[in-house]
Amino acid sequence: MPERKPDALPGSAKDRLIRATSWHAAGRVGAGALGVLQAAYAFDALGEERYGLLTLVAVLVLLLALVEMGLRTTTTRFVAEAAVRGDAAAAREVLGSSTLIHLLAGAAVAVPFALLAGPVADLLGTGPALRGEAVALLRWMALFHVAGNLASGWTSTLVALQRTGPLALSMVAGGAAQLAGTVAAVRLGWGATALAAGFGAGTAVRAVLEAAGSGAALPGASVLPWHGTREGVRRLLATGRHLQLARVVDMVVFNLDQVLVTRFLGLGAGGVYRFASDLVLKVREAPLLLSTGIIPAATEVRDADGGGAIRRLYLRGTKYVAAAAAFLFAFLAAGAPRILAAAGGDAAGGGAAVMALLSAGVFFNVTAGVGTLVAVGLDRADLQARAALLTGGVSLLLVPAALLLGAGSAGAAAGTAAALLIGAVAYARSLHRVLGIPDGEALRSSFLPPLLPAAGVAAAAWLLGAGPLDGLLGGGRTGTALALALEGAVLGAAFAGALLLGGWADAFDRDVLRRALARGGAP
């Protein structure tokens, strides 16, 4: 049997992947922290009912997902291919075609939605006192979501070229603009519409910075729709039809529960559910930062070493993502009551069970993230579509059943978590068959090693929650937040130490760390 090669990528490609991931991670972490602050401020300042109006926006997101056609991922993939050839005209055609589809989708969905904002608000039980704010929020968010979709071509260009330094800057600046816009609008007395003002400010800042970064990274590239062609639209739609189904299901799974909780249990319960879900989903992005450059890398090495390189890329990337996710979601689930109390006050405490259950489900969902991107590089997005159908079907069955049977918000979260688990397992097994990887090998090398240390993190976080550390650091929400930060740092170091002592790292991992320290700072 031939000796297994330790490298998943040649050195230059590895450096590009590390550099892209390092910058994207820095941007996402900064933007994520600002996003948590924005959500916590908005929930505290507006109250659970006004914050719960965001569940109406979830209806808009679901409708836009029906016509989005997986464009962000497919655009990234085709721009990466054009960039490898140095073909700016081909990139321009792809980007223009993507913008054209987004424009048509916005006209078909967002405009009617804005016109019917009043009936949508009534459908979800918005009372007369908040109906005006709800209608204004829905109309402004419809406009800003379409604008964000139109600007997504610049994001795709930067990711495709692994130029994530400018992308990191735009994320942090956009997060700061969203926080500042929300605070300013709340203080001006705009009520729930402040949520739209913040979102619009963040979208505008990101668009300006990413447009400038894309122009510098790929001169001649443009997202203007008249560069689109019928052939470009056809290619995007042909590849995107499978990703479209997966995208729709993703939106259904992560929005259906909060919409139904609002409809069955009221706007206040929906606001608490939405807040807990928002925090989980912001943390969800962090482990997937490690897979930022996977699509360009998979495109580059898809045929190398008889398929061995891409198998190693999948296993190695999943190993890193599973380790990061195991720690984050173990800490989030065990510390849910204190995290929500620190972020949203006493009113948010009812979402602790929701946060813990969603954390468990999202862990499994996140570990499949590298695989979904590898599959796009292999032109096998159909795998994701089939797993998405299963995930969506389970969610549509379990979440309404839980609410009808009186299981409340926790029941809805449990239904969502179960759907995510089942879908992730089904997807991983189908991809393993395509790549020729035994399920047992994938479990041993990528999934299982971090689970035991993560269980220790969860136990320690739960025990620390019953101790006096919060009071020693000043008490109240500030003391709890400081205690959580300190505990997270200590437990994170202990988790990493346990992995290293347990033999999790090998020569490749040490080379990745060395290269990251040596070159990760170069944009």
Side-chain angles (χ1 to χ4, degrees), residues 60-114 142-161 203 206-207 210-211 213-215 217-252 295-296 298-299 302 372-373 375-386 388-389:
L60 167 65
V61 174
L62 286 170
L63 293 173
L64 284 173
L66 294 174
V67 291
E68 196 260 354
M69 295 307 294
L71 282 178
R72 297 183 189 230
T73 304
T74 50
T75 301
T76 299
R77 182 255 173 112
F78 286 129
V79 171
E81 289 183 350
V84 168
R85 302 191 304 268
D87 192 344
R92 190 163 51 242
E93 177 187 356
V94 170
L95 292 167
S97 300
S98 175
T99 302
L100 187 59
I101 297 172
H102 279 308
L103 277 173
L104 295 174
V109 173
V111 172
F113 184 87
L143 171 64
F144 294 144
H145 269 285
V146 172
N149 284 342
L150 295 177
S152 66
W154 292 315
T155 310
S156 296
T157 300
L158 292 173
V159 174
L161 299 176
T203 299
R206 283 198 62 173
E210 290 178 11
S214 297
L218 188 62
S222 171
V223 301
L224 295 175
W226 48 80
H227 294 303
T229 64
R230 180 179 298 178
E231 175 59 21
V233 169
R234 187 199 66 76
R235 287 179 69 210
L236 286 169
L237 296 182
T239 302
R241 67 183 188 276
H242 297 301
L243 293 173
Q244 163 67 356
L245 179 58
R247 168 75 171 165
V248 169
V249 170
D250 196 56
M251 292 298 99
V252 167
I295 291 179
T299 301
R302 57 183 294 175
T372 61
L373 299 176
V376 171
L378 291 173
D379 289 326
R380 290 304 308 268
D382 57 300
L383 302 176
Q384 192 175 355
R386 288 199 291 270
L389 281 175

J.: Any salt bridge (Lys or Arg N to Asp or Glu O under 4.0 Å) pairs touching residues 88-98, not counting sequence neighbours?
T.: none
J.: Does anything in residues 221-233 pair up under salt bridge (Lys or Arg N to Asp or Glu O under 4.0 Å), and if so which pairs, sequence neighbours excluded?
T.: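 Sorted pair list: Glu231-Arg234.
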J.: For Ala151, which residues count as a side chain to side chain contact (heavy atoms under 4.5 Å, CB included) partner, sequence neighbours excluded?
T.: Trp154, Ala207
J.: What pairs with Leu224 under side chain to side chain contact (heavy atoms under 4.5 Å, CB included), at least two apart in sequence or on another chain?
T.: Ser222, Trp226, His227
J.: Which residues pass the side chain to side chain contact (heavy atoms under 4.5 Å, CB included) test with Ser152, not counting sequence neighbours?
T.: Arg72, His102
J.: Hey, does the side chain of Thr157 reach the backbone of Gly153 with a donor-acceptor pair shorter than 3.5 angstrom?
T.: yes
J.: Report the C-alpha distance between Leu150 and Leu103 in whole Å, list the side-chain angles of each, state the deciding distance to 0.1 Å, and finish with yes or no for side-chain contact (heavy atoms from CB on, under 4.5 Å).
T.: CA-CA 7 Å; Leu150 295 177; Leu103 277 173; 3.6 Å; yes
J.: What residues form a ring pair (Phe, Tyr, Trp, His ring centres under 6.0 Å) with Phe144, not counting sequence neighbours?
T.: Trp140
J.: Could you work out, with side-chain hydrogen bond (donor to acceptor under 3.5 Å, both in side chains) as the rule, every residue matching Thr203, not counting sequence neighbours?
T.: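 In terms of side-chain hydrogen bond (donor to acceptor under 3.5 Å, both in side chains), with neighbours along the sequence ignored, Thr203 is linked to no residue.
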J.: For Ala90, what residues pass the side chain to side chain contact (heavy atoms under 4.5 Å, CB included) criterion, not counting sequence neighbours?
T.: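 Ala90 satisfies side chain to side chain contact (heavy atoms under 4.5 Å, CB included) with Ala82, Arg85, Asp87 only.
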J.: Roughly how far, to the nearest 0.5 Å, is the OG1 atom of Thr99 from the CG atom of Leu95?
T.: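 Leu95 CG to Thr99 OG1: 6.5 Å, rounded to 0.5 Å.
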J.: Please find the pair of heavy atoms, one from Ala110 and one from Val146, that lie closest to each other, and give the distance.
T.: CB-CG2, 3.4 Å
